[in-house]
Enquirer: 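Dropping a structure here in structure tokens format, bear with me for questions.
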Amino acid sequence: MTGTTDKTLWRGARLATLDGAQPWGWVERGALITEGEHIAWVGPEAELPAGLAPAIEHDLGGAVLTPGLIDSHTHLVYGGRRAREFELRLQGASYEEIARAGGGIRSTVAATRAADAASLQAQAQRRLDTLIGEGVTTVEVKSGYGLDLESEARCLRAARALQGAQLRTSYLGAHALPPEFQGRQDEYVDAVCAWMPQLQREGLIDAVDAFCEGIGFTPAQTRRVFEAARTLGLPVKLHAEQLSDQGGTQLACEFGALSCDHLEYLSPEGVQALAASGTVATLLPGAYYFLRETKLPPVAALREAGVPIAISTDHNPGTSPTLSLLLMLNMACTLFRLTPEEALRGVTQHAARALGLADRGRLAPGLRADFCVWDVEHPNELSYYFGRNPLRQRVWGGKLS
């Protein structure tokens, strides 16, 4: 390998590549070479290619280097806040009771519809900047707080305009029933499907999502949304089995879903459907914690079946108002009993898969040069601490940022 002006050498690092059969993909004294936006070489420092003449060299002094973090399930674009509902839940009201009384998602819809594009984007950018400050390099952002064509498009455009990380957008028109469609749920599903081609033509949709739940949409209605997505060649995802077992996971797996998310009430049949389809199980410990849930997702069964498990913040104003993916690592271990390695893979390797992205989530030649340098001795410290941010450097597309 010969030197070029855009080669950078990162040496003196402990590498958690998450690649290969070694636990953590561990390289005790490793090095990494980037060329442009991609990784050109990674391995033990003693095996660096001869004749290397990098334009820039960084000695990391034994710091830990991991892939960049990926937040694969967020609702970053919205107006308003729902702190009052937090109080109501503490006084005994359930999530479903609040939603049926006109609170919940509908209250955020009203605030979002009232907000202009500039304010929606500015607020979402501040939220994204907080995630970036903890090493996040790729983020999925869902719509679902507009619930009419104009407002959904405005939210998706705001998501597309965010800066500082790779953005993936999911169309979540089937999130809740807007007030103007009260009593006409099937007609609203028709509208959600009818808006989809226009939003796709504008380049605003990477995937299609839905909320299949007793307070959301039935499996039959969800199927119609997924059929419309399939007609357009769009991949699907699903909020599934959060509050009850609707069989949404099996439905989503029929359509080769990228991921099914929440999954507290996932059945054995749902676990097997995930395993057979290769769909990622995305667990959202922030929502579980904030809603004070007691029904744990079947982590042992998912692990035994070989289902890839992703972890995400599920940032949203009502049920998971966290902006710390590092905290979610800790919660995934303490609440769901994932191992620290499983948790880290859940916000890197498997989170990338949940977004249909094969070019990131590990440290390997040819992949994007998205990685983080941490002031820790071992990557298990990333899930051990909470309330501490040990990020030293974030590299996105080969550039310090």
Enquirer: Strictly distance-based, threshold 3.5 Å: is any side-chain N or O of Q163 a donor or acceptor partner for the main-chain N or O of A161?
Expert: yes
Enquirer: Give the minimum heavy-atom separation between T282 and A354, together with the two atoms involved.
Expert: OG1-CB, 4.1 Å
Enquirer: Using a 4.5 Å cut-off on heavy atoms from C-beta on, say whether the side chain of R292 contacts that of L90.
Expert: yes
Enquirer: Using modelled atom types and a 3.5 Å cut-off, is there a donor and acceptor pairing between side-chain atoms of R168 and backbone atoms of L357?
Expert: no
Enquirer: Do the side-chain N and O atoms of E341 and N380 include a donor-acceptor pair separated by under 3.5 angstrom?
Expert: no
Enquirer: Is a side-chain N or O of T279 found less than 3.5 angstrom from the main chain of A275, in a donor-acceptor match?
Expert: no
Enquirer: Would a 4.5 Å heavy-atom cut-off, applied to side chains only, mark T313 and L284 as touching?
Expert: no
Enquirer: Run T322 and S324 through side chain to side chain donor-acceptor pair (under 3.5 Å) and show every step you take.
Expert: CA-CA 6 Å; T322 180; S324 176; 5.1 Å; no
Enquirer: I'd like to know if the side chain of E241 and the backbone of S267 have a donor-acceptor N/O pair within less than 3.5 Å.
Expert: no
Enquirer: Just do the side chain to side chain donor-acceptor pair (under 3.5 Å) check on T169 and R160 with the steps written out, would you?
Expert: CA-CA 7 Å; T169 54; R160 284 288 203 227; 3.0 Å; yes
Enquirer: For residues 317-351, which residue pairs pass the ring pair (Phe, Tyr, Trp, His ring centres under 6.0 Å) check, not counting sequence neighbours?
Expert: Y288-F336
Enquirer: Answer yes or no: is there a side-chain heavy-atom contact under 4.5 Å between P67 and L18?
Expert: yes
Enquirer: Would you check if Y78 and P317 make a side-chain contact, meaning some heavy-atom pair closer than 4.5 Å?
Expert: yes
Enquirer: For E254, does the CD atom sit with more than 12 other heavy atoms under 6.0 Å from it, leaving out its own atoms?
Expert: yes
Enquirer: If the test is side-chain hydrogen bond (donor to acceptor under 3.5 Å, both in side chains), which one of E140, H315, H239 qualifies with H73?
Expert: H239
Enquirer: In terms of side-chain heavy atoms, does D71 have a donor or acceptor partner in S312 at a distance below 3.5 Å?
Expert: yes
Enquirer: Which is it for R201 and L199 under the side chain to side chain contact (heavy atoms under 4.5 Å, CB included) test, yes or no, and what are the steps along the way?
Expert: CA-CA 5 Å; R201 284 194 298 272; L199 295 171; over 6 Å; no
Enquirer: Is the count of non-hydrogen atoms from other residues, nucleotides or ligands lying under 6.0 Å from Q198 atom CD greater than 12?
Expert: no
Enquirer: As a quick check of understanding, evaluate side chain to side chain contact (heavy atoms under 4.5 Å, CB included) for N330 and Y385, giving each step before the final call.
Expert: CA-CA 7 Å; N330 178 272; Y385 291 109; over 6 Å; no
Enquirer: Measure the spacing between OG1 of T222 and CD of E213 and express it to the nearest 0.5 Å.
Expert: 10.0 Å
Enquirer: So, taking the atom named CG in N389 and the one named CG in L327, what distance separates them when rounded to the nearest 0.5 Å?
Expert: 11.5 Å
Enquirer: Compare all side-chain heavy atoms of V189 with those of F217 and state whether any distance is below 4.5 angstrom.
Expert: yes
Enquirer: So, for G144 and H175, which heavy atoms are closest and what is the spacing to 0.1 Å?
Expert: O-ND1, 2.9 Å
Enquirer: Is a donor on one side and an acceptor on the other found under 3.5 Å between the side chain of R14 and the backbone of G62?
Expert: yes
Enquirer: For L325 versus E134, what's the shortest heavy-atom pair and its separation?
Expert: N-OE1, 3.2 Å
Enquirer: Given side chains that start at C-beta, do those of Q200 and M196 come closer than 4.5 Å, heavy atoms only?
Expert: no
Enquirer: Would you be so kind as to tabulate the donor-acceptor pairs closer than 3.5 Å made by side chains of residues 109-121, with sequence neighbours excluded?
Expert:
{"residue": "T112", "atom": "OG1", "partner": "G79", "partner atom": "N", "Å": "3.0"}
{"residue": "T112", "atom": "OG1", "partner": "T108", "partner atom": "O", "Å": "2.7"}
{"residue": "R113", "atom": "NE", "partner": "G146", "partner atom": "O", "Å": "2.8"}
{"residue": "R113", "atom": "NE", "partner": "D148", "partner atom": "OD2", "Å": "3.3"}
{"residue": "R113", "atom": "NH1", "partner": "E180", "partner atom": "OE1", "Å": "3.1"}
{"residue": "R113", "atom": "NH1", "partner": "E180", "partner atom": "OE2", "Å": "3.4"}
{"residue": "R113", "atom": "NH2", "partner": "G146", "partner atom": "O", "Å": "3.3"}
{"residue": "R113", "atom": "NH2", "partner": "L147", "partner atom": "O", "Å": "3.3"}
{"residue": "R113", "atom": "NH2", "partner": "E180", "partner atom": "OE2", "Å": "2.7"}
{"residue": "D116", "atom": "OD1", "partner": "A118", "partner atom": "N", "Å": "3.3"}
{"residue": "D116", "atom": "OD1", "partner": "S119", "partner atom": "N", "Å": "2.7"}
{"residue": "D116", "atom": "OD1", "partner": "S119", "partner atom": "OG", "Å": "2.9"}
{"residue": "S119", "atom": "OG", "partner": "D116", "partner atom": "N", "Å": "3.4"}
{"residue": "S119", "atom": "OG", "partner": "D116", "partner atom": "O", "Å": "3.0"}

Enquirer: As an exercise, state the distance from CD1 of I39 to OG1 of T8, rounded to the nearest 0.5 Å.
Expert: 12.0 Å
Enquirer: Would a distance-only check, ignoring hydrogens and angles, find a side-chain to backbone donor-acceptor pair under 3.5 Å from R337 to A300?
Expert: no
Enquirer: Please determine, by modelled atom types, if R127 and Q123 share a side-chain donor-acceptor pair under 3.5 angstrom.
Expert: yes
Enquirer: Side chains of T17 and R362 only: does a donor on one sit below 3.5 Å from an acceptor on the other?
Expert: no
Enquirer: Determine the sole option in L382, T137, L131, V136 for which the side chain to side chain contact (heavy atoms under 4.5 Å, CB included) test with L69 is passed.
Expert: V136
Enquirer: When rounded to the nearest 0.5 angstrom, what distance separates CG in D209 from CG in L172?
Expert: 5.0 Å
Enquirer: Going by distance alone, is a donor N or O of one side chain under 3.5 Å from an acceptor N or O of the other, for Q22 and W24?
Expert: no
Enquirer: Between L177 and F181, what is the shortest heavy-atom contact and its length?
Expert: CD2-O, 3.6 Å
Enquirer: Any sub-3.5 Å donor-acceptor pair from E45's side-chain atoms to G12's backbone N or O?
Expert: yes
Enquirer: Kindly state whether the ring of Y171 and the ring of W195 have centres lying under 6.0 angstrom apart.
Expert: no
Enquirer: Which heavy atom of S72 sits nearest a heavy atom of K237, and at what distance?
Expert: O-NZ, 4.1 Å
Enquirer: Quick one: does any side-chain atom of E97 pair with a main-chain N or O of S94 as donor and acceptor, under 3.5 Å?
Expert: yes
Enquirer: Measure the CG-OG1 distance between L344 and T339 for me, rounded to the nearest 0.5 Å.
Expert: 9.5 Å
Enquirer: For M331 and F386, run side chain to side chain contact (heavy atoms under 4.5 Å, CB included): C-alpha distance rounded to whole Å, both residues' side-chain angles, the deciding distance at 0.1 Å, then the answer.
Expert: CA-CA 9 Å; M331 286 190 176; F386 57 100; over 6 Å; no
Enquirer: Please round to the nearest 0.5 Å and tell me the distance separating atom CG of L128 and atom CG of L162.
Expert: 5.5 Å
Enquirer: What heavy-atom pair brings T319 and P321 nearest, and what distance separates the two atoms?
Expert: C-CD, 3.8 Å
Enquirer: Examine distances only and state if a side-chain atom of Q221 and a backbone atom of T218 form a donor-acceptor pair shorter than 3.5 Å.
Expert: yes
Enquirer: Going by the rule side chain to side chain donor-acceptor pair (under 3.5 Å), which residues pair with Q182 if we only count those two or more places apart in sequence or in a different chain?
Expert: R106
Enquirer: Evaluate the criterion salt bridge (charged side-chain N to carboxylate O under 4.0 Å, His left out) for residue pair D375 and R392; output intermediate values, then yes/no.
Expert: CA-CA 6 Å; D375 279 321; R392 181 195 295 179; 2.7 Å; yes
Enquirer: May I have the step-by-step check of side chain to side chain contact (heavy atoms under 4.5 Å, CB included) for L238 and F226, ending in yes or no?
Expert: CA-CA 10 Å; L238 189 63; F226 284 0; 3.8 Å; yes
Enquirer: Between the side chain of D370 and the main-chain N/O of W396, is any donor-acceptor distance below 3.5 Å?
Expert: no
Enquirer: Would one find more than 12 heavy atoms of other residues, nucleotides or ligands at under 6.0 Å from atom CZ of R81?
Expert: no
